[in-house]
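Sequence positions, counted from 1, serve as the residue numbers for this chain.
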Amino acid sequence: MKKFLVLTLVAVFAVAGIVVLSNSAVLAKDAKAPAAKAEAVAAKPAEEQKVVCKFKSKEEMQEFEQLYVAKQATFGRMGVLQAYFSMEQNNIQEIDKQLEKKFNFKMDSNKMYDLNRDAMEIRESGNVPQQPVPAVENK
């Protein structure tokens, strides 16, 4: 099951990379074909199209395009990571259920434990050290 998951994640990241590269190629191709863009723009009603940003030069637009594509790729990767995180949370819940059912033991996620194989016992060895969360700066 885990091998399947790893292979699936690798495949998703590979596909995301291909999509990003192909989007870059398509966007570059679109820059060379303004007539096709004009037709697509003309097909939509004017009230739907609101100009939200104007570019001073092609270079500025290309810089924006690179950042936009990078952002979209990041959103794609974040979606994959969120799905993976959710799956891992479900795995933890299942393990906790098994520990409680089989051993009548409920593990506190805020505590550290020490498994002593010689004495065949598990001991609580303190609290999990809390890491300070760094402040995120918005510019």
Side-chain angles (χ1 to χ4, degrees):
M1 177 65 182
K2 289 191 179 197
K3 287 181 182 178
F4 175 74
L5 172 67
V6 171
L7 289 174
T8 303
L9 287 173
V10 169
V12 168
F13 279 112
V15 169
I18 292 169
V19 168
V20 168
L21 292 175
S22 65
N23 280 347
S24 296
V26 167
L27 291 172
K29 182 179 173 184
D30 283 348
K32 295 176 185 175
K37 275 190 176 182
E39 288 177 25
V41 169
K44 290 187 178 184
E47 62 230 15
E48 287 183 30
Q49 300 172 0
K50 178 181 173 185
V51 176
V52 293
C53 186
K54 278 277 206 188
F55 303 103
K56 297 174 187 168
S57 66
K58 286 186 178 185
E59 291 79 19
E60 186 181 56
M61 185 179 68
Q62 288 172 342
E63 183 180 355
F64 173 86
E65 178 184 17
Q66 288 176 339
L67 292 170
Y68 176 77
V69 169
K71 184 174 181 176
Q72 296 303 328
T74 301
F75 279 141
R77 290 189 303 271
M78 285 172 55
V80 171
L81 291 173
Q82 285 175 337
Y84 182 74
F85 183 78
S86 177
M87 188 181 68
E88 290 298 327
Q89 283 182 316
N90 291 338
N91 286 341
I92 287 174
Q93 289 174 354
E94 184 59 35
I95 291 167
D96 284 344
K97 286 178 188 176
Q98 289 179 27
L99 286 171
E100 194 165 358
K101 182 179 176 182
K102 290 181 181 180
F103 304 103
N104 197 25
F105 176 67
K106 186 165 177 84
M107 189 175 282
D108 184 349
S109 61
N110 296 315
K111 304 282 183 185
M112 294 188 310
Y113 297 92
D114 180 36
L115 178 61
N116 185 325
R117 289 175 178 82
D118 294 330
M120 293 193 302
E121 61 189 13
I122 187 165
R123 294 184 182 187
E124 191 176 294
S125 60
N127 292 328
V128 173
Q130 298 297 317
Q131 297 290 331
V133 179
V136 177
E137 248 183 72
N138 286 335
K139 292 183 180 182

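No single ILVMFWY cluster, assembled from side-chain heavy atoms under 4.5 Å apart, contains both I122 and M112. Both F103 and L115 sit in one connected hydrophobic cluster of ILVMFWY residues. Membership requires side-chain heavy atoms under 4.5 Å apart, directly or through other members.
How far CD of Q89 is from OH of Y84: 12.0 Å, rounded to the nearest 0.5 Å. Rounding to the nearest 0.5 Å places CD of E100 at 10.5 Å from CZ of F105. Taken from OG in S86 to CG in L81, the straight-line distance is 12.5 Å, to the nearest 0.5 Å. Once rounded to the nearest 0.5 Å, the distance linking CG of N116 with OG of S125 reads 11.5 Å. With rounding to the nearest 0.5 angstrom, the CD atom of E94 is 12.0 Å from the CD1 atom of I92. Note that CD of Q98 and NZ of K101 are 8.5 Å apart. Values are rounded to the nearest 0.5 Å.
Listed by chain and residue number, K111 satisfy the salt bridge (Lys or Arg N to Asp or Glu O under 4.0 Å) test with E124 (two or more places apart in sequence, or in another chain).
More than 12 heavy atoms of other residues, nucleotides or ligands shown are found within 6.0 angstrom of CD on E60. Other residues, nucleotides and ligands place no more than 12 heavy atoms under 6.0 Å from the CG atom of N104.
Counting only distance, with no hydrogens or angles, the side chain of Y68 and the backbone of E63 share no donor-acceptor pair below 3.5 Å.
Side-chain contact check for F85 versus Q82: every heavy-atom pair is 4.5 Å or farther apart.
Annotation for Y113 and K106: closest pair OH-O, 4.3 Å, computed over non-hydrogen atoms.
Salt bridge status for E121 with R123: present, with a side-chain N to carboxylate O gap under 4.0 Å.
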